[in-house]
Amino acid sequence: MATQVYRVSRVLTAAGSPVARVQAVDEDGHELRLEVPAALVGRTAPGHVLVLNWSVHAVPVAPIADAGPPPTSTAPPAPAARTVDEAFMDLMSRGRRGTSAPASSNATTPPAAPTHSEPEINDEFNTLLGGARRKG
């Protein structure tokens with residue numbers, strides 16, 4: 001275990017924040033910045049001494065002995081990526097005016113051209129920015 005002594009240089013707290021930051025420097029000039037609960041540094045001020053005892057430990061990964069056998073999944077298998085994409089597109093098209101939910105099929109069909117009577121957001125955006133300038 002290492003023990004280090006620091007002199008507090010700053011205590012930073014924000015109104016209503018549950019966290020405070022203590023900045024300190026040891027005699028060799030090494031800096032320490034520590035975030036702690038604000039309630040713990042209520043009377044701490046620059047010039048106070050911070051004594052820090054610390055150590056680092058490697059924690060071995062051990063199997064949990066009392067957990068029993070691994071759980072078996074009763075959930076259905078994950079759907080295919082295409083099915084997920086189709087479900088996503090179905091959800092996305094529900095909120096739009098002038099479009100209908102795509103029919104679920106396995107055949108690859110190109111998407112239909114949108115039939116909007118009002119300008120799309122890209123049209124409005126391009127109108128605001130103006131046409132693209134060509135190089136040359």
**Student:** Just by modelled atom types, is the Val49 backbone N or O under 3.5 Å from a matching donor or acceptor in the Arg7 side chain?
**Tutor:**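 The answer is no, because no donor-acceptor pair under 3.5 Å joins these two groups.
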
**Student:** Flag the pair His30 / Val25 as yes when at least one side-chain heavy-atom distance between them is below 4.5 Å, and no otherwise.
**Tutor:**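 Heavy-atom side-chain distance check fails, nothing below 4.5 Å.
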
**Student:** Other than Val22, which residues form its hydrophobic cluster under the rule that side-chain heavy atoms must be closer than 4.5 Å?
**Tutor:**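 Members besides Val22, by chain and number: Tyr6, Val8, Val11, Leu32, Leu34, Val36, Val41, Leu50, Leu52, Trp54, Val56.
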
**Student:** Do Arg21 and Arg33 have side chains that approach each other closer than 4.5 Å (heavy atoms only, starting at C-beta)?
**Tutor:**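 Side chain of Arg21 against side chain of Arg33, heavy atoms only: contact under 4.5 Å found.
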
**Student:** Heavy atoms only: give me the nearest Thr44-His48 pair and the separation to one decimal.
**Tutor:**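 Of all heavy-atom pairs spanning Thr44 and His48, the closest is CA-ND1, 3.5 Å.
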
**Student:** Can you tell me how far the CD atom of Glu27 sits from the CD atom of Gln4, to the nearest 0.5 Å?
**Tutor:**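 Spacing of CD (Glu27) from CD (Gln4) equals 10.5 Å.
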
**Student:** Could you tell me whether a side-chain N or O of Ser9 sits under 3.5 Å from a main-chain N or O of Gln23, the two making a donor and an acceptor?
**Tutor:**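 The answer is yes, because a donor-acceptor pair under 3.5 Å joins these two groups.
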
**Student:** So which heavy atom on Pro60 is nearest to which on Ala58, and how close?
**Tutor:**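 Closest approach of Pro60 to Ala58: CD-O, 3.5 Å.
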
**Student:** Please report the closest heavy-atom contact between Ser17 and Ala38, naming both atoms and the distance.
**Tutor:**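 That would be O-CB, 3.6 Å.
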
